[in-house]
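Worksheet: the structure to be examined is printed underneath.
Computed over heavy atoms, backbone and side chain alike; hydrogens, waters and symmetry mates excluded. No experiment lies behind these values; they were computed from the predicted model shown.
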Amino acid sequence: MAQPPHIAILGAGTFVRTQYIPRLSEIADLVVVKALWSRSEDSARTAAELARKFFPNIESKWGDAGLDEIIQDASILGVAVVLAGQTQVDISLRFLKAGKHVLQEKPAAAYVSEAETALAYYDSLTHLSRRPIWAVAENYRFEPAFVECKKLLNDIGDMMSVQVIVEGSMNSSNPYFSSSWRRNFTGGFILDMGVHFIAGLRMIVGCEVATVSAVTSHVDSSLPPPDNISALFRLENGCAGVFVMIVSSSSPKIFWRVVGSKGTLQIDRGNEDGQHGYSVSLYNASGPCKSSFYPFSGVTEELKAFIHDMSQANLKDTGSYAAEPRSTFIEGARDVAVLEAMLESGIRQGAQITVKKF
């Protein structure tokens, strides 16, 4: 049997420690984490130690010298870039230029303009005999609940209305509440968190958001502005919908609801039997509500997809091997474009904004 591909993790923050390392440990038969990098030696060593139980030969790297060592290590085929949103694109492009496959955390970019410039640079890498994969880790598109909901869409007939309601729980008890890069991010938690919910929306309806009109506000002074957004959007198929996001609510609730001429589909975030996940409910005139629960597994599924794509790409001598369609950088950029349009509309007192196309 072929040896599992070797990757490196760039980043040692909360999400690496609580999600990447545990999820990668579940699929340690498919991949080897050879190195873990951070800006500082202490954080690199601490995070690497957590992974050592599953990847005993993992090396800790830090600083500019550590990045260069990973770039020059021919045995490392790809990297997971799990860094501050302001720096991810630059680091991703540096590794892509070196021929490494990249799985970059969301959001895909801080601005639409950054995404456009980055895509142009990526497309220009024609000097490489095999252009590497650039994927964005938007796990909502890999959650089984959303995959199933998309399959059921035809069962509700013609789409008439869409609702996305997000009453979040970003308060002092949340491990990301004090994250400095999120607080210094344009759009704050609205953009960082919101790309998930837009990804879910676009996944379910299967078409793009064409225009938006939004009102934003800043109520909770402990959060960066804005912390509330209410938007009306129109899909390219002509259907209208609403997107409401409250960053911190005393009664958290998150759901997506699509009303059709023959029934209604709804995804609710919650838990069942101690497991966190999503309930998918189908309501129609032919009988009682059909409901199924799907535990969270999107992070694991997207990691599997990246490892598979990376392995397949390296079987080719020339050309390129595209990332799984749900994880392409363009998909992540489209999520950012919707939210950027909403935030711009909020600044312009609800003016209708056309969403940038990619």
Side-chain angles (χ1 to χ4, degrees), residues 15 18-20 22-23 26-27 105-107 136-156 159 161-170 174-176 189-190 192-207 209 229 233 235 239 241-260 263-284 287-305 324-327 331-332 334-335 338-339:
F15 201 65
T18 63
Q19 292 297 323
Y20 267 76
R23 300 294 79 80
E26 295 171 0
I27 53 174
E105 257 304 315
K106 60 83 194 168
V136 170
E138 178 41 79
N139 55 282
Y140 274 46
R141 277 187 275 272
F142 285 83
E143 289 291 351
F146 290 90
V147 175
E148 180 63 20
C149 197
K150 184 176 183 179
K151 293 177 183 176
L152 295 172
L153 189 65
N154 288 336
D155 294 352
I156 64 171
M159 198 182 303
S161 178
V162 184
Q163 303 165 45
V164 182
I165 308 298
V166 180
E167 298 171 11
S169 57
M170 184 54 65
N174 190 297
Y176 302 104
F189 287 108
I190 290 285
D192 174 58
M193 295 165 57
V195 289
H196 281 317
F197 311 120
I198 295 299
L201 163 67
R202 294 179 52 247
M203 176 78 174
I204 295 168
V205 300
C207 68
V209 178
I229 189 166
F233 62 82
L235 300 175
C239 182
V242 294
F243 176 86
V244 177
M245 182 175 172
I246 300 162
V247 174
S248 184
S249 167
S250 59
S251 54
K253 184 172 181 60
I254 301 173
F255 68 86
W256 295 253
R257 184 176 176 90
V258 184
V259 180
T264 298
L265 267 173
Q266 182 160 321
I267 295 183
D268 291 272
R269 183 167 172 167
N271 60 77
E272 187 173 296
D273 298 328
Q275 288 187 302
H276 292 283
Y278 303 93
S279 293
V280 177
S281 302
L282 174 62
Y283 307 84
N284 57 42
C289 165
K290 299 176 183 178
S291 184
S292 300
F293 182 79
Y294 299 85
F296 288 152
S297 63
V299 175
T300 303
E301 293 305 313
E302 72 188 1
L303 286 168
K304 285 181 180 177
E324 214 276 6
R326 288 173 290 172
S327 63
E331 280 297 306
R334 287 168 178 157
D335 298 332
V338 174
L339 279 165

Handout entry: Positive for side chain to side chain contact (heavy atoms under 4.5 Å, CB included) with W256, one of V162, I165, I267, V205
Key = I267
Exercise for the section: Mind checking the NE2-CG spacing from H196 to L339? Nearest 0.5 Å is all I need. Expected result: 11.5 Å
Handout entry: E302 (side chain) donor-acceptor with N139 (main chain) under 3.5 angstrom
Key = yes
Completion exercise
In this structure, CZ of F233 is separated from CG of L201 (nearest 0.5 Å) by 4.5 Å
Practice task
Find the distance between OG (S297) and OH (Y278) and round it off to the nearest 0.5 Å.
Solution key: 10.0 Å
Handout entry: pair E331-V136: side-chain heavy atoms closer than 4.5 Å
Key = no
Fill in the blank from the handout: Scanning both residues in full, the closest heavy-atom pair of N174 with S169 reads ND2-O, 3.7 Å
Problem - Side-chain heavy atoms of K106 within contact of D192, under 4.5 Å - result: yes
Handout entry: Straight-line distance of I204 CD1 to L153 CG, nearest 0.5 Å
Key = 8.5 Å
Practice task
Could you give me the CA-CA distance, side-chain angles and deciding distance for Y176 and M193, then say whether side-chain contact (heavy atoms from CB on, under 4.5 Å) is met?
Solution key: CA-CA 11 Å; Y176 302 104; M193 295 165 57; over 6 Å; no
Problem - Closest contact, heavy atoms only, C239 versus S161 - result: SG-N, 3.6 Å
Practice task
Of all the heavy-atom pairs spanning L282 and D155, show the shortest one and how long it is.
Solution key: CD2-OD2, 4.2 Å
Handout entry: Under 3.5 Å: donor-acceptor pair, side chain of E143, backbone of G298
Key = yes
Handout entry: Any donor-acceptor pair under 3.5 Å from R326 side chain to R141 backbone
Key = yes
Fill in the blank from the handout: Rounded to the nearest 0.5 Å, the OG atom of S327 sits from the CZ atom of F142 at a distance of 4.5 Å
Problem - Approximate separation, where rounding is to 0.5 Å, of S251 OG and I246 CD1 - result: 8.0 Å
Practice task
Dump the intermediate steps for side-chain contact (heavy atoms from CB on, under 4.5 Å) on M245 and V164, then the final yes or no.
Solution key: CA-CA 8 Å; M245 182 175 172; V164 182; over 6 Å; no
Exercise for the section: For the pair I156 and N284, evaluate side-chain contact (heavy atoms from CB on, under 4.5 Å) and give the outcome as yes or no after the intermediate values. Expected result: CA-CA 7 Å; I156 64 171; N284 57 42; over 6 Å; no
Exercise for the section: Take K151 and V147, measure what side-chain contact (heavy atoms from CB on, under 4.5 Å) needs, and give me the verdict at the end. Expected result: CA-CA 7 Å; K151 293 177 183 176; V147 175; 4.0 Å; yes
Exercise for the section: Check whether any side-chain heavy atom of T264 sits under 4.5 Å from a side-chain heavy atom of V258, and report yes or no. Expected result: no
Practice task
Would you please indicate yes or no on a ring centroid separation below 6.0 angstrom for Y140 and F146?
Solution key: yes
